[in-house]
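Some notes on the structure that comes next.
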Amino acid sequence: MSGDKTSTVLDDLFGEAQAERETIVSVLVPVAVPTAYTYKVPAGAHVQPGTIVQVPLGSRQVLGCVWDGAPDAAINPKKLKSISRVYDKARPLLPDLRRFVEWVANWTLAAPGMVLRMVLRSEEALEDEPPLAAVRRIEGAAPDRMTPARAKVLDTLSDGMAWTRSGLAGAAGVSASVIDGLLAQGVLEPVLLPGTPPTPKPDPDFAHVDLTPAQAEVAASLRAAFERGNAVSLIDGVTGSGKTEVYFEAIAEALKRGRQALVLLPEIALTEQFLRRFEKRFGTFPAEWHSEITPKKRARTWRGVASGDVRVVIGARSALFLPFEDLGLIIVDEEHDAAFKQDDRVPYSARDMAVVRGHLSRFPVVLASATPSVESRVNAEQGRYARYVLPERASGAELPEIRAIDMRQEGPERGRWLAPELLKAIAQTFAEGSQSLLFLNRRGYAPLTLCRTCGHRFQCPHCSAWLVEHRFQGRLVCHHCGHFEKMPETCPTCSSTQSLVACGPGVERVAEEVQDLFPQARTLILSSDLPGGAERMKREMKLVEDGEADIVIGTQLVAKGHNFPKMKLVGVVDADLGLAHGDPRAAEKTFQLLAQVTGRAGRVTGGGRGFLQTYSPEHPVLKALLDQDRDAFYRMEIEARQAAGLPPFGRMAALILSGPDKAAAEGFARALVRAAPADRSVTVLGPAEAALAMVRGRHRYRLLLIAPRQFDLQGYLRHWLANGPRPTGALRLQVDIDPQHFL
DNA sequence: AGCACGCCGACT
DNA sequence: GTCGGCGTGCTC
């Protein structure tokens with residue numbers, strides 16, 4: 001070509017000009033600073049907004065992301081450092097995700113870099129996956145001696161595929177040393193595989209789906225929501241109504257449209273059964289994402305999500321920050337669950353931020369629950385969410401019949417905890433070969449121990465809560481801070497022996513009573529504090545599922561999602577527990593818990609029965625449960641909150657003010673107090689969770705404000721969001737404020 | 001003197 | 001979030 005020489009000269013000139021005028025870019029770094037920092041781009045490196053880089057920061061190297069907007073030209077050029085590495089194998093973070101990071105940072109009052117940190121949670125994912133060491137049969141080669149183990153290996157390899165050493169040993173049912181032997185003999189050869197092949201894509205048409213007319217109608221509405229862009233739907237269905245099947249249809253629709261889908265679950269324990277159901281419906285497993293995933297799998301999923309190889313993710317709240325290539329749907333299952341809230345570091349509600357992410361990227365979000373949160377019901381009633389009700393069980397089984405047992409009149413004798421009527425029902429259920437569940441939200445043997453002689457009560461030395469006796473462990477335990485001590489023989493105050501008495505029941509004590517009265521029944525305690533951890537829990541849940549236990553005594557973990565097909569009877573040992581708490585959400589939490597736990601009865605078979613042992617059968621929360629009238633509960637609760645001056649969206653309006661400057665934080669607090677009318681000033685108080693946060697927190701001065709009805713917190717926040725800058729260095733919004741009104 | 005610990009500001 | 005500098009107070 002004739003222009004060869006000229007273009008070379010031009011290139012040189014251009015290169016020189018570039019070298020003289022060094023390029024600088026904004027880089028967001030994972031530290032608590034308010035803005036992106038500025039770095040030089042090394043010659044020859046190519047970066048764009050979204051590119052993931054490594055940069056020097058102080059004395060260390062950190063991950064960062066090239067950010068939007070002009071770099072800060074006011075920074076002293078002598079201070080500027082160079083990007084030390086460009087991760088060109090990793091996909092740049094897309095604009096939608098970057099906007100989401102900024103939105104969450106703005107909302108939670110966290111530094112944007114701290115939110116970015118939640119995105120960059122797998123350093124391994126930024127490199128190409130290292131090749132996998134494997135073995136393959138060498139055509140025609142044979143071992144000197146054929147043994148049964150060797151034959152099994154060669155048989156497994158007969159399809160000509162390469163296997164990993166451990167995978168092959170496992171598949172052939174031999175030890176890995178057999179494979180080493182065959183390698184040494186030159187029958188097998190080592191090969192390198194290019195990482196893991198992508199998992200097969202879920203097939204939206206894999207299974208024949210048989211929906212009830214009610215389910216089909218909701219499924220059709222969810223499919224239609226894709227046409228509306230950013231619609232939020234609330235599936236409000238009784239326990240056993242088949243919400244999962246319905247939202248699976250929304251996932252199928254997302255897949256058919258070539259979009260990715262994300263399912264958020266409140267806790268890891270629920271993923272197991274979800275995976276099985278998903279596989280039945282879509283023919284393959286979704287990718288999993290939560291804190292217990294191994295680094296390798298984590299990296300694979302992160303990369304797969306970014307490249308689009310992974311189509312569906314099921315995960316805990318942190319999955320919300322995965323770098324999806326083209327996310328088209330988020331499902332938030334058990335949307336009422338408090339586990340969606342993160343209280344430390346960046347304090348956010350994954351349910352609310354899911355709605356935000358859907359809004360920013362214009363895709364549908366589905367919230368599902370048998371007991372929706374009050375705020376979601378309000379959002380639905382006020383037209384922000386579409387609400388779909390599934391009032392009946394998909395199996396056709398009728399809902400359990402629920403009865404109150406008035407403990408003032410029909411209670412058990414002294415020192416016993418189960419009323420005669422409940423015992424009779426347990427005996428019947430046992431006789432017909434079905435399961436009973438006794439629910440008591442109290443771990444251990446007894447919540448309080450005292451001395452009969454001198455009245456000494458065992459109290460935690462650190463937090464003034466009663467110490468709970470755990471008889472299996474022979475300990476007194478504080479459920480607040482974890483402090484424990486050995487159960488003493490004598491009273492520490494008056495030294496009397498045989499004088500300590502247990503007051504009130506825990507699950508261990510109820511189990512003792514059950515074993516005493518039904519010695520021939522197989523009883524099982526399900527409580528999170530028993531030794532053996534998650535593995536044991538999984539085993540025992542399976543035992544109950546398979547009908548290997550007759551009477552189960554459990555704490556609140558039995559209320560969550562597990563399917564117990566043989567469970568016919570549920571007895572709530574103390575239905576009043578939780579109603580008396582000072583927590584403004586006590587009624588809601590109790591309603592949800594009791595509705596979920598009684599919903600276990602006869603879920604598959606029908607004919608379930610529930611009993612609530614109570615001293616206050618007239619309490620409106622219990623009445624709503626007894627009457628099977630969920631709407632009555634929500635009506636009552638929304639009215640009660642309005643009367644208490646809580647905001648109409650049903651959530652506590654709270655601000656946590658914190659910062660290094662105590663005077664500034666207090667000054668701002670006083671300004672807030674002045675802004676509220678004189679008759680009901682802003683109350684400055686510290687509920688238990690805020691107090692705990694204060695003790696554990698790194699900030700030195702912190703103040704919790706609950707704004708009463710007169711204070712226009714919403715208006716203030718709206719103004720603040722629109723007009724920046726922050727009133728103090730570190731003002732933190734509590735996770736309980738609903739972002740719906742700001743979208 | 002030597003160092004553990006907590007506090008505090010800086011980090012581009 | 002993490003590091004380094006600095007002051008305090010205690011031990012070898």
Side-chain angles (χ1 to χ4, degrees), chain A residues 19 21-43 45-87 92-93 98 101-102 104-126 291 295 298 317-318 320-321 342-348 656-666 693-703 725-726 728-733 735:
Chain A
R21 203 167 27 82
E22 274 174 328
T23 337
I24 53 171
V25 288
S26 279
V27 177
L28 196 55
V29 289
V31 292
V33 290
T35 56
Y37 275 180
T38 304
Y39 284 89
K40 292 191 283 194
V41 180
H46 176 72
V47 299
Q48 64 187 86
T51 305
I52 298 168
V53 294
Q54 188 186 47
V55 290
L57 183 70
S59 59
R60 61 211 168 103
Q61 294 285 331
V62 296
L63 282 182
C65 179
V66 176
W67 216 246
D68 310 73
D72 188 350
I75 303 293
N76 178 2
K78 292 210 176 93
K79 254 171 101 177
L80 288 181
K81 295 180 183 171
S82 256
I83 290 171
S84 39
R85 189 170 165 200
V86 176
Y87 287 95
L93 303 185
R98 304 202 297 274
V101 165
E102 285 168 349
V104 173
N106 203 15
W107 180 251
T108 59
L109 303 170
M114 296 309 293
V115 182
L116 176 70
R117 209 169 177 271
M118 303 196 285
V119 176
L120 302 177
R121 285 229 342 220
S122 172
E123 210 166 324
E124 241 180 296
L126 306 177
S291 58
R298 177 180 294 270
R317 58 175 186 246
S318 57
L320 190 55
F321 294 92
Q342 170 160 302
D343 284 323
D344 55 347
R345 294 177 295 253
V346 179
Y348 69 98
I656 293 177
L657 268 175
S658 66
D661 184 350
K662 186 183 180 185
E666 281 182 352
M694 272 186 250
V695 174
R696 295 201 192 116
R698 301 276 304 240
H699 292 294
R700 263 158 304 154
Y701 308 109
R702 187 168 280 185
L703 208 51
R726 298 159 192 203
T728 66
L731 174 66
R732 201 178 94 156
L733 210 64
V735 286

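Since the model is a prediction, treat every value here as computed from it, not as a measurement. Every chain is numbered from 1, with letters handed out A, B, ... down the list of sequences. Side chains are part of it too, since the values below use all heavy atoms of this structure and drop only hydrogens, waters and symmetry mates.
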message: I need the CZ-P distance between Arg117(A) and dC11(B), as an integer number of Å.
response: 20 Å
- prompt: Is any side-chain N or O of Ser59(A) closer than 4.0 Å to OP1 or OP2 of dG4(C)?
  reply: yes
field: Separation of Leu57(A) CG from Leu63(A) CG (nearest 0.5 Å)
entry: 11.5 Å
message: Distance check needed: dG9(B) P versus Leu57(A) CG, whole Å only.
response: 18 Å
- line: Sorted by chain and residue number, the side-chain hydrogen bond (donor to acceptor under 3.5 Å, both in side chains) partners of Glu102(A) (sequence neighbours excluded) come out as Trp67(A), Arg99(A)
In a table with atom names and distances, give each donor-acceptor pair under 3.5 Å that connects a side chain of residues 25-43 of chain A to protein atoms at least two apart or in another chain.
{"unit_1": "Thr38(A)", "atom_1": "OG1", "unit_2": "Asp72(A)", "atom_2": "N", "d": "3.2"}
{"unit_1": "Tyr39(A)", "atom_1": "OH", "unit_2": "Pro56(A)", "atom_2": "O", "d": "2.7"}

- line: Atom CZ of Arg60(A) and atom P of dT12(B) are separated, to the nearest Å, by 10 Å
- prompt: Rounded to the Å, how far apart are Leu28(A) CG and dC11(B) P?
  reply: 17 Å
task: Mind running a 4.0 Å heavy-atom check of residues 73-81 of chain A against DNA chain B and sending the residues that fall below it, in number order?
output: Ile75(A), Lys79(A), Leu80(A), Lys81(A)
field: side chain to side chain donor-acceptor pair (under 3.5 Å) pairs, two or more places apart, involving residues 49-58 of chain A
entry: none
Identify every side-chain donor-acceptor pair in residues 116-124 of chain A under 3.5 Å, counting partners at least two apart or on other chains, and give the distances.
{"unit_1": "Ser122(A)", "atom_1": "OG", "unit_2": "Ala125(A)", "atom_2": "N", "d": "3.3"}

task: Round to a whole Å and report the spacing from CE of Met118(A) to C1' of dG1(C).
output: 14 Å
message: What is the distance, to the nearest angstrom, from the CE atom on Met114(A) to the C1' atom on dT2(C)?
response: 10 Å
statement: Those residues at least two apart in sequence (or on a different chain) that pass side-chain hydrogen bond (donor to acceptor under 3.5 Å, both in side chains) with Arg298(A) are none
message: What is the distance, to the nearest angstrom, from the CD atom on Gln61(A) to the P atom on dT2(C)?
response: 16 Å
